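Encoded as structure tokens, the structure appears first; notes follow it.
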Amino acid sequence: MKPKKPSRVALVVNTRRTNSRKVALDAIKWLETRGVHVFLEKSLGTFLKRPDLSSDESVLRKEAQVVLAIGGDGTILRAAKAVRGTRAVVLGVNLGSLGFLSDIKLCDLYPALERIMKGDYEVERRMMVEARVEDFRKSIHSYEALNDIVICKTASSRALRMRLLVSGRLLGKFTADGLIVSTPTGSTAYSLSAGGPIMKPTMSALLATPICAHSLAARPLVVPGEETLTVELAPRDTTAKLIADGHESFDLHPHHIVRFHKARVCANLVSARGVSFYDVLREKFKWGGVPARDARGN
């Protein structure tokens, strides 16, 4: 994707983060002095006392060329979902500490915006995963996620018995508290905490990670992005939930079938200059105790 000099920027902000109000207002002032048209979600416009910039999500999705996501990974996920399938790019600014979706910190915000205003930036296309819920072979719901879509037992239900098929071929049956189907981007999220592998986020693949499986033989599985993963719940009196990117949820019943595949749309994330994914891993996990900036000789 060839970067363009943007004239329309939307803001998505985690208002619960400390200092997020000041950061957002300063960013708006910076953009407006450069002639940029700024869009805000309605609730954010109220929070910032800038109702004049408030827009419906449909307007934001249609008009925004860049979405400035100020907060953490959850904020970036929300921004990516808002403009999925469009040419808009998401610039994530991390106000937290453990974020993997963006390594652009608050001190890097204005240098990053300067580059964007000049059209001098790089974009990473990240695959998304889609889950289709079928009821007696009829599709009834679909969900898209940048990180992961999870099938998990409810608080009152027993462990789930599932059949997992890969492109129509039975891989096996297992009992677990659930199953995480993630993208490479999501490999450093819930899947990682469940014992899944780390994958470079620009890859095209699906990762299936059992949650607390009742057998040591049930291991994480990586398949090419062109494959389809199908999960069938055992026909017994139990229920489960499907949760997309930790937000959207749907109640599953034993006769439901869930098919996971690479989504037709992707997310476009602005990448930090001079920082590779391996730099981020080294810094976040403190591998070898060497900060990324020192390892680059800076």
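Everything numeric in this text was worked out from a predicted model, so none of it was measured.
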Problem - Distance-only polar pair, side chains of T230 and R259, donor-acceptor under 3.5 Å - result: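 Looking only at side-chain atoms, R259 and T230 do form a donor-acceptor pair, the distance falling under 3.5 Å.
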Closest non-hydrogen atom pair between [X] and [Y], with its separation:
X: L170; Y: L165; value: CA-CG, 3.9 Å
X: A205; Y: P184; value: O-CD, 3.2 Å
X: L11; Y: V38; value: CD1-CG1, 4.1 Å

Got a donor-acceptor contact below 3.5 angstrom from the [X] side chain to the [Y] backbone?
X: S20; Y: N14; answer: yes
X: S167; Y: T228; answer: yes
X: D245; Y: D148; answer: yes
X: E144; Y: K81; answer: no

Counting only heavy atoms from other residues, nucleotides and ligands, does the tally under 6.0 Å from [atom1] of [X] exceed 12?
X: E57; atom1: CD; answer: no
X: H247; atom1: NE2; answer: no
X: R34; atom1: CZ; answer: yes
X: Y190; atom1: OH; answer: no

Can you check whether [X] reaches [Y] side chain to side chain, under 4.5 Å on heavy atoms?
X: I149; Y: E130; value: no
X: L53; Y: L44; value: no
X: L206; Y: M127; value: yes
X: T75; Y: V13; value: no
X: V223; Y: F260; value: no
X: R78; Y: E41; value: yes
X: M117; Y: V36; value: yes
X: V93; Y: V23; value: no

If hydrophobic clusters are built by linking Ile, Leu, Val, Met, Phe, Trp and Tyr wherever their side-chain heavy atoms come under 4.5 Å apart, do [X] and [Y] end up in the same one?
X: V129; Y: V258; value: yes
X: L25; Y: L95; value: yes
X: L48; Y: L31; value: yes
X: Y110; Y: V89; value: yes
X: L60; Y: V265; value: yes

Problem - side chain to side chain contact (heavy atoms under 4.5 Å, CB included) between K153 and I211, intermediate numbers included - result: CA-CA 10 Å; K153 71 184 188 71; I211 305 171; over 6 Å; no
Handout entry: From R125, R126, K262, residue fulfilling side-chain hydrogen bond (donor to acceptor under 3.5 Å, both in side chains) relative to S204
Key =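 Of the listed options, the one satisfying the test is K262.
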Practice task
Run the numbers on L229 and V166 for side chain to side chain contact (heavy atoms under 4.5 Å, CB included), then give the verdict.
Solution key: CA-CA 5 Å; L229 298 176; V166 180; 3.8 Å; yes
Problem - Test: D108 and K105 ion pair at under 4.0 Å - result: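 No, no charged N to carboxylate O under 4.0 Å.
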Handout entry: Over-ring placement of R8 relative to F39, 6.0 Å and 45° cut-offs
Key =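 Relative to the ring axis of F39, which defines the angle, R8 lies outside at least one limit.
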Problem - Option among M162, E134, R163, R161 that satisfies the side chain to side chain contact (heavy atoms under 4.5 Å, CB included) test with E232 - result: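 Between E232 and the candidates, side chain to side chain contact (heavy atoms under 4.5 Å, CB included) is satisfied uniquely by R163.
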